[in-house]
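Notes follow the structure.
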Amino acid sequence: MDPAAGEVAHEFPPFFRVYKDGRVERLQFLEEDAPPLTNDPNAGFEFKDVLISPETAVKARIFKPRTSDPSEKLPLVVHYHGGGFCLGSALGPLGSRFLATLTREARVVAVSVEYRLAPEHPLPAAFDDSYAALQWIATHSNGQGPDPWINHYADFNRVFVIGESAGATIAHVVAVRAGAAGPTGLTLRGAIIVHPYFAGSEPDKMIQYLYPGSSATDEDPTLSPKSDPNLAKMGCSKVLVFVAENDWLRSRGLAYYETLKKSSWGGSVELVENEGEGHCFHVFNPSSEKFGPLMQKWLVLSIKIDG
């Protein structure tokens, strides 16, 4: 064995390091301390995992409330998890706890997309996978799609995208792509952008590594809405932006809110700030006293919007 193979070629703490032989070692595992989610018949929700694309192996976890009315149509939430484009999983217990609560309390069908992670699958793979997942969901709009839960329970006139951190970036990009592409068989009513990552004026070295060819600055239209010529085509009528007082990305979320307000996009945008909380607290600490009375209230209101 080449002794140099074990040497570190690239390191981006606290996310991952890459060795000279190409191995990727993740330095944190977001799911390791979270208990596994189970299909408890008394929990008020149920879930299953499905394969979206055999070509890319992209999967999704689908949640729905337990209901006795098979004719009931429910809002559809498409979720993209965070993790810096290189960590996390839609199939793990951490994000699933949040979506299980959302499914039960807001009575929605939720589809959480297991997009491919960088650096093994460099960006824009995560963006492409995530938009392809929305297109896959749209194939169910005639009631003849591959998944019976989506066929029977999803209301395709009430579709929302939601994401936190890097997942919020993805949710925004998907909403813009959907608007630029035109009708897809579903109506995207809103985007819920939670503690988003968007590029700043200085290059982000990790993003440069994960996204070859990108400047990793606010000049990249995928990573910076203010530089996106398609921003005005964003395919939803409402955006709800969450920021947290103690989040290092707070200023990026505020700037995103201001960019949407000043843009020629014709929708409405609202801002909610959680005082005393940090990045993605709703995922890491769903028992926080701030989660119930504030964030959950706004999530439920925004998902049940009918205008």
Side-chain angles (χ1 to χ4, degrees), residues 12 15-19 21-32 34 36-39 46-64 76-100 109-141 144-151 154 159 161-171 173-175 177-178 181 184-186 206-207 209-214 222 283:
F12 299 98
F15 293 96
F16 65 91
R17 65 172 62 100
V18 181
Y19 293 91
D21 63 2
R23 289 180 297 120
V24 177
E25 179 186 6
R26 285 176 168 81
L27 303 180
Q28 58 175 307
F29 295 90
L30 301 181
E31 310 290 343
E32 61 184 359
L37 197 68
T38 60
N39 266 312
E46 52 189 321
F47 71 94
K48 63 179 177 180
D49 299 336
V50 300
L51 178 66
I52 290 179
S53 170
E55 292 76 23
T56 60
V58 170
K59 300 177 182 179
R61 175 161 286 186
I62 305 177
F63 298 78
K64 75 174 186 66
L76 175 61
V77 174
V78 185
H79 172 258
Y80 304 106
H81 69 82
F85 306 108
C86 60
L87 299 174
S89 172
L91 311 182
L94 192 62
S96 292
R97 291 184 302 173
F98 162 66
L99 286 174
V109 174
V111 179
S112 189
V113 178
E114 180 80 338
Y115 56 84
R116 290 173 294 172
L117 298 179
E120 295 92 337
H121 304 281
L123 295 171
F127 299 117
D128 296 341
D129 291 347
S130 298
Y131 181 61
L134 186 70
Q135 293 176 305
W136 177 83
I137 290 168
T139 66
H140 296 75
S141 61
Q144 301 298 315
D147 185 78
W149 283 9
I150 300 177
N151 285 333
V159 180
V161 291
I162 179 174
E164 64 278 341
S165 195
T169 319
I170 293 172
V173 169
V174 167
R177 284 193 185 184
T184 58
L186 52 78
M206 187 179 84
I207 297 299
Y209 183 77
L210 298 179
Y211 199 168
S214 171
T222 302
V283 173

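Quantities reported herein were computed from a predicted structural model and do not represent experimental measurements.
With rounding to the nearest 0.5 angstrom, the OG1 atom of Thr139 is 10.5 Å from the CG atom of Leu134. Rounding to the nearest 0.5 Å places CG of Leu51 at 7.0 Å from NZ of Lys59. A distance of 10.0 Å separates CG in Leu117 from CG in Leu210, rounded to the nearest 0.5 Å. With rounding to the nearest 0.5 Å, the separation of OG1 in Thr222 from CG in Leu123 is 9.5 Å. One finds the CZ atom of Phe63 at 6.5 Å from the OG atom of Ser112 (value rounded to the nearest 0.5 Å). Interatomic distance, NZ of Lys64 versus CG of Leu76, reported as 14.0 Å (0.5 Å rounding).
Looking at every heavy atom in both residues, Gly163 comes nearest to Ala171 through N-CB, 4.0 Å. Contact between Arg61 and Ser96 at its shortest, heavy atoms only, is NH1-OG, 3.1 Å. Between Gly185 and Ser141 the shortest heavy-atom distance is O-CB, 2.9 Å. Gly84 and Phe15 get closest at one heavy-atom pair: CA-CE2, 4.3 Å. Considering all non-hydrogen atoms of both residues, Glu114 and Leu91 come closest at OE1-N, 3.7 Å. When every heavy atom of Cys86 is checked against every heavy atom of Met206, the shortest pair comes out as SG-CE, 4.4 Å.
Proximity of Val24 to Pro119: side-chain heavy atoms (C-beta onward) are separated by under 4.5 Å at one or more points. Tyr131 is not listed as a side-chain neighbour of Val173, based on a closest heavy-atom distance of 4.5 Å or more. Looking only at side-chain heavy atoms (C-beta outward), Gln135 and Thr184 stay at 4.5 Å or farther from each other. Counting heavy atoms from C-beta on, the side chains of Tyr80 and Val161 come closer than 4.5 Å. Between Trp136 and Ser53, the closest side-chain pair of non-hydrogen atoms is not below 4.5 Å. The closest side-chain heavy-atom distance from Asp147 to Lys48 is below 4.5 Å.
Between Arg116 and Asp129 there is a salt bridge, since at least one side-chain N of the basic residue sits less than 4.0 Å from a carboxylate O of the acidic one.
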Can you list the steps and then say if Val50 with Trp149 is a side chain to side chain contact (heavy atoms under 4.5 Å, CB included)? CA-CA 11 Å; Val50 300; Trp149 283 9; over 6 Å; no
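Glu164 places a side-chain N or O within donor-acceptor distance of the main-chain N or O of Gly82, the cut-off being under 3.5 Å. The closest donor-acceptor contact from the side chain of Asn39 to the backbone of Phe47 lies under 3.5 Å.
Paired with Ile137 under the rule side-chain contact (heavy atoms from CB on, under 4.5 Å), one option of Val78, Val159, Val113 passes, and it is Val78.
By the 30° and 60° cut-offs, the orientation of the rings of Phe12 relative to Phe16 is tilted. Under the 30°/60° scheme for interplanar angles, the aromatic rings of Tyr115 and His81 are found to lie parallel.
Separation of the Phe127 and Phe85 ring centroids falls under the 6.0 Å cut-off.
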